[in-house]
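Everything on this sheet refers to the single structure shown next.
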Amino acid sequence: MAVPTIALYTSPPSTICSSPHPCQMNAHASCDLDFTSRSSSLASSTATSSQKPVVGGLSSLFSSTALRHSSSSSSISSGGEELGSFKHDKGEELKELSSSFRYSPNKFIGSFFNRDQSPVSVFQGPVSCGSCGVGSAARTPPLWTVRERSGDGSFHGRGSTNRLFNGFVRNALGSCVDYDSPRLEVSSDRLDASSSSLFGDELTFNMEDSITEGNSKSYVKDLLLSAQSKHKIFCDKFVIKAFNEAEKAHRGQMRASGDPYLEHCVETAVMLALVGANSTVVAAGLLHDTLDDSFLSHDYILETFGVEVADLVEGVSKLSHLSKLAREHDTAERIVEADRLHTMFLAMADARAVLIKLADRLHNMMTLDALPLIKRQRFAKETMEIFVPLANRLGIYSWKEQLENLCFKHLNLELHDDLSSKLLGLYDEAIIFSAIQKLERALKDDGISYHVVTGRHKSVYSIHRKMLKKNLTVNQIHDIHGLRLIVENEEDCHEALRIVHQLWPEVPGKLKDYISKPKLNGYQSIHTVVRGEGDVPLEVQIRTKEMHLQAEFGFAAHWRYKEGDSKHSSFVLQMVEWGRWVLTWHCETMNRDRSSIGSIKPPCNFPFHSSDCSYSYKPRCFQDGPLFVIMIENEKMSVQEFPANTTMMDLLERAGRGSTRWAHYRFPKKEELRPRLNHEPVSDPKCKLKMGDVVELTPPIPDKSLIEYREEIQRMYEGGFTVATPQPAGWRS
Ligand SMILES: Nc1nc2c(ncn2[C@@H]2O[C@H](COP(=O)(O)OP(=O)(O)OP(=O)(O)O)[C@@H](O)[C@H]2O)c(=O)[nH]1
Ligand SMILES: Nc1ncnc2c1ncn2[C@@H]1O[C@H](COP(=O)(O)OP(=O)(O)OP(=O)(O)O)[C@@H](O)[C@H]1O
C-alpha cells in the first residue's frame with residue numbers, strides 16, 4: 001500500500017499568509033480615485049493599471065490583451081457585486097448577493113442604460129496616468145512600441161499585439177485554435193449569418209420571443225451587440241448559442257447591484273475573448289455559473305456544447321467550490337497549504353478552467369462595491385492569497401495587476417489612496433513612449449540590431465510592495481518607468497548600453513551587470529538607471545533573447561522571482577509550465593502576426609523538452625507527481641499531499657492510524673470515518689484519488705453522543721445487562 005509522504009492536519013490558522021499581503025496592494029489605482037467620471041475612467045483605468053508589460057510569450061500576450069480588454073469591457077459593466085464565484089453553492093453569500101426573483105424590466109433598463117453613471121468605482125484599478133488624465137500621455141496606448149528585426153535584418157513595426165515568442169507552441173503542435181484572429185476571422189461555418197453585418201443592426205438573435213419580451217429582450221440584444229462590438233468571436237454561432245443558453249439559465253437572476261446576472265457572464269466571456277481565448281473557452285465563460293446557479297446540468301451542456309465546454313464549466317464549478325471552502329476555512333493563510341492549493345488548481349483542472357475562474361474573479365472584484373466592507377475584504381483577501389498567485393504563475397500579468405490593485409484598494413484604502421495620489425504626479429506614459437522611440441532611432445543609427453524594445457510603468461501595488469520590502473519612499477523607486485531591450489547577442493548588449501548612456505545621463509551606482517555576474521538562479525541582464533526626460537529616473541534592462549527566455553520561462557522565471565524565489569518542487573514547476581503552455585496553446589489567437597516571432601524559439605517543443613533542454617524543469621513526467629487532496633474533518637479543512645495512485649483505503653488507513661481522535665473507540669478506525677468523496681458516500685474503497693478530490697471524514701454521529709453511547713454500552717456490559725439502547729445509524733461495534 002502506498003504510504004503517504006506528508007501528513008498535515010492543520011489547525012485553524014492565526015497568521016496571515018506571508019506573500020502577497022492584503023495590506024500591500026497596489027495602485028494604478030490611484031488614478032481611479034481621482035476620476036470624477038467613472039464611466040470614462042473605466043476603460044482607461046483597467047488599461048492603466050498594469051504596467052505595460054513587455055512582449056514575450058504569455059506575458060506580453062496577456063498583458064497587452066488584458067489591457068485592451070479592460071478598457072472595452074469596462075464600458076459595459078456597471079456596478080455590481082461579486083457574484084459568480086462568491087455565490088457558489090447558493091450559500092449564504094449567494095443569497096445576499098444575488099436574487100433569483102424575476103427581474104423588473106424597468107430595473108433592467110435602468111441598470112443598462114445608466115451605465116454612464118456606473119457605480120463601479122472599482123475601476124479604480126489600473127488607471128494609467130494617461131487615463132487618469134495625468135500629463136499628455138493620457139491616451140497613450142497601453143503597450144508601448146516595439147519593433148522587431150525580421151530575418152532579413154529589416155525592422156518591422158509590430159503594433160501593440162506584438163509578442164516575441166508567439167507561435168512557438170503553434171509550431172510545436174500545429175494550430176489548435178478555432179479561428180485565427182480574435183477580431184477579424186471566425187470560421188465561416190461557425191459564423192452566425194447575421195454576423196456579416198457585424199456591427200450593423202441586424203444580428204441574429206435567437207432568443208425565444210415568448211419568454212423574453214419587451215424591454216428585457218432589447219436589453220439582452222443590446223448586451224450581445226455590445227459584446228460583439230468588443231470582439232468578433234461573439235458573432236460565432238457557437239458562442240451565440242452559449243449566450244442564449246446563459247440568458248435562459250440566468251433569466252431573472254440579479255446581482256446585488258441590481259444588474260442582471262447575465263451581465264457578469266458576458267463580461268467574464270469578453271475578458272476571455274480579449275486575451276485571445278477561442279470559442280470553446282468563451283462559450284464556457286458564458287456558461288461558467290450555470291451548473292451551480294441554474295437548472296442546467298452537466299449532461300445537458302455536454303449534449304448541447306460538447307465535452308470540452310461541459311468539462312470546462314464543471315472545472316470552474318469545482319474551482320469555485322474549492323476556493324469557497326478555502327475562504328471559509330482561511331486555508332490559504334497558511335503558506336504550505338496555499339502553495340498546495342495553487343498547484344492543485346493548476347493540476348486538477350484544465351488550465352483553461354483556471355483562466356475562466358480568474359476572469360470571473362476579476363470581474364467580480366471590479367464590481368465588488370455593492371457588498372458590505374467585511375465581505376469585500378474577505379473576498380479581497382482570498383483573491384490575494386489564491387487568485388493573484390495563480391495569475392502570476394500563469395503569466396497573465398495584466399489580470400494579476402488589476403486583481404492586486406483592486407485588493408489593495410479594498411484591504412487598505414488609506415494606503416492605496418495615499419500612494420495613488422502621489423503617483424498621479426509621477427506616472428508619465430509619454431516619457432516611456434518617447435524614450436522607446438529615441439532608443440530605437442539611436443540603435444538604428446548605430447547599426448545595432450535588436451529584437452524588441454518594450455516599456456512599462458510599474459503598478460501601484462508593485463511599487464507599494466517594493467517600498468515595503470526595501471524600506472523606500474516612493475521617490476526612491478527608480479523603476480517606476482522602465483524599458484527593456486532585447487538584442488541578438490552579448491556584444492550587442494554592451495553596445496546598446498553604451499548608446500543608452502549616450503542618450504541619457506546615468507544615475508551613479510545603479511548599473512548592474514548580471515551578464516558577467518549572473519544571479520544565483522541564472523538570471524542574466526544588464527540593468528541601468530538613467531535620467532530620462534524631465535530628469536525622471538528610467539530603468540533600462542538589456543538582454544539577449546536567450547536570457548529573456550530564461551527570465552520568462554526558465555529557472556529565473558519572473559513569477560518565481562516575484563514569489564521570492566521560493567523553493568518549489570519539480571512538480572509545482574511542471575504544473576506551472578504545463579498551465580502556461582495550455583493557455584498559450586489555446587489562447588494564442590492573439591499571436592497572429594507570425595512574422596513577429598522572428599527567430600526566437602525555445603530549443604524544443606515546449607513543454608515536451610528534449611533531455612538536454614535548459615528550459616526544462618522536469619526529470620520525470622508529472623503524472624508521477626503527488627496528489628493534493630482536500631480533507632475535511634470535523635469541519636476543519638486541510639490540503640494534504642499523497643503519493644500518486646493513493647486509494648481511498650490508503651487515505652483512511654493514514655487517517656485512522658495517525659489520529660488520536662479515533663483511537664479511543666477501539667474499533668476499526670477506517671470504518672468509523674464514514675468517508676465521503678466529492679460529497680458522495682464511498683462505494684469502492686479501492687478507488688484511486690484524484691488531484692483536487694474533496695474527502696470528508698465525519699463520524700457517524702456527533703462525537704459527544706458516540707462517546708456517550710460507548711460509555712453506556714461499556715456500563716451495560718460491565719453490569720451484565722442486555723443492550724437495549726438502539727444503535728445509532730452507522731454505528732458498528
Ligand atoms: N525574471 C527575473 N527577473 C529578475 C530577476 N531578478 C531581477 N529581475 C528583474 O530585475 C529588476 C530589478 O533587479 P535589480 O537590478 O537586481 O534591482 P534590485 O536589487 O531589486 O533593486 P532596484 O535597483 O531598486 O530595482 C526587477 O525589477 C526584475 O524585473 C530574476 O531572478 N528573474
Ligand atoms: N525595465 C522594464 N522594462 C520593461 N518591463 C519590465 C521592466 N522591469 C520589469 N518589467 C516587467 O514588468 C512586469 C511587472 O513587473 P514589476 O514592476 O511588478 O516587477 P519588477 O520590476 O520586475 O520587480 P521588482 O518590483 O522587484 O523591481 C513584469 O512582466 C516584468 O518582467
Side-chain angles (χ1 to χ4, degrees), residues 20 24-28 49-64 66-67 126 142-146 163-164 388 391-392 394-405 427 431-432 435-436 439 452-486 500 507-515 517-530 532 537-543 547-566:
Q24 326 159 355
M25 341 300 229
N26 119 30
H28 289 355
S49 70
S50 8
Q51 334 156 312
K52 304 2 191 181
V54 181
V55 174
L58 277 170
S59 63
S60 61
L61 164 62
F62 286 118
S63 359
S64 56
L67 291 170
L143 180 65
W144 290 296
T145 302
V146 174
R163 40 210 113 270
L164 205 50
V388 166
N392 183 41
L394 289 175
I396 313 167
Y397 297 126
S398 168
W399 290 8
K400 169 189 175 257
E401 286 162 12
Q402 292 177 61
L403 287 170
E404 283 177 339
N405 288 347
Y427 274 157
I431 288 180
I432 297 173
I436 289 176
L439 180 54
V452 67
V453 184
T454 56
R456 69 98 177 85
H457 70 64
K458 204 172 184 68
S459 79
V460 178
Y461 181 70
S462 186
I463 292 170
H464 170 68
R465 288 278 295 174
K466 193 156 182 168
M467 287 166 64
L468 279 187
K469 189 172 151 200
K470 302 198 163 195
N471 200 19
L472 300 173
T473 65
V474 69
N475 292 319
Q476 292 170 310
I477 304 286
H478 289 112
D479 65 341
I480 291 177
H481 301 89
L483 297 192
R484 183 175 288 161
L485 167 64
I486 299 181
V500 167
V507 174
K510 299 304 285 182
L511 176 66
K512 290 178 191 164
D513 184 353
Y514 293 120
I515 293 183
K517 272 198 169 174
K519 286 179 63 172
L520 282 180
N521 62 8
Y523 175 77
Q524 287 189 291
S525 200
I526 293 178
H527 300 173
T528 184
V529 179
V530 295
L538 178 69
E539 182 196 57
V540 184
Q541 299 180 348
I542 306 169
R543 51 177 79 153
M547 293 168 190
H548 189 56
L549 277 171
Q550 190 61 256
E552 287 292 314
F553 297 105
F555 286 96
H558 196 263
W559 71 269
R560 300 182 70 195
Y561 165 73
K562 277 302 196 184
E563 285 192 4
D565 278 336
S566 28

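On a predicted model such as this, the values are computed, not experimentally measured, just so you know. All ligand and atom numbering here is 1-based and tracks the order in the structure.
The OG atom of Ser462 lies 8.5 Å from the CD1 atom of Ile477; values are rounded to the nearest 0.5 Å. Separating the OH atom in Tyr523 from the CD1 atom in Ile515 is a distance of 9.5 Å, to the nearest 0.5 Å. Here the CD1 atom belonging to Ile542 is positioned 7.5 Å from the CG atom belonging to Leu439, to the nearest 0.5 angstrom. Atom CG of residue Leu485 and atom NE2 of residue His548 lie 11.0 Å apart, to the nearest 0.5 angstrom.
Using a 4.0 Å cut-off between heavy atoms, Lys466 contacts ligand 2 through its side chain alone, with no backbone atom that close. Residue contacts with ligand 1 for Asn521 involve side-chain atoms from C-beta outward but no N, CA, C or O (heavy atoms, distance under 4.0 Å). Within the 4.0 Å heavy-atom criterion, the part of Asp479 lying near ligand 2 is the side chain and not the backbone.
Around atom 18 (O) of ligand 2, the closest heavy atom drawn from Ser462, Gly482, Gly455 belongs to Ser462. Residue nearest to atom 3 (N) of ligand 2, selected from Leu483, Ile480, Ile436: Leu483 (by heavy-atom distance). Closest heavy-atom approach to atom 7 (C) of ligand 2 among the candidates Arg465, His527, Lys470, Arg484: Arg484. Heavy-atom proximity to atom 23 (O) of ligand 1, evaluated over His527, His548, Lys512, His478, is greatest for Lys512. Across the listed options Glu539, Arg543, Lys519, Lys466, Lys466 owns the non-hydrogen atom lying nearest to atom 25 (O) of ligand 1.
For the pair Gln476 (side chain) and Thr473 (backbone), a donor-acceptor distance under 3.5 Å is present. Proximity of a side-chain donor or acceptor of Tyr427 to a complementary backbone N or O of His481 within less than 3.5 Å is not detected.
Against a heavy-atom cut-off of under 4.0 Å, Asp479 is close to the following atoms of ligand 1: 27 (O). Under a 4.0 Å criterion applied to the non-hydrogen atoms of Lys510, ligand 1 contributes the atoms 23 (O), 24 (O). Residue Ala551 has at least one heavy-atom neighbour below 4.0 Å for each of these atoms of ligand 1: 1 (N).
In terms of N/O distances under 3.5 Å, ligand 2 is not approached by Thr454. For ligand 2, the polar-atom distance check finds an N/O of Arg456 within less than 3.5 Å of one of the ligand's N/O atoms.
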Set out, in order, the CA-CA distance, both residues' side-chain angles and the distance that settles side chain to side chain contact (heavy atoms under 4.5 Å, CB included) for Val529 and Asp479, then state yes or no.
CA-CA 8 Å; Val529 179; Asp479 65 341; over 6 Å; no

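With sequence neighbours left out, Gln541 forms a side-chain hydrogen bond (donor to acceptor under 3.5 Å, both in side chains) with Arg484, Glu539, Arg543. Considering only residues two or more places apart in sequence or on other chains, His478 meets the ring pair (Phe, Tyr, Trp, His ring centres under 6.0 Å) condition with none of them.
A 4.5 Å side-chain heavy-atom check between Met547 and Ser525 finds every atom pair outside the cut-off.
Under the 4.0 angstrom criterion for non-hydrogen atoms, Lys470 is in contact with ligand 1. Using 4.0 Å as the threshold, Gln541 has a heavy atom nearer than that to some atom of ligand 1.
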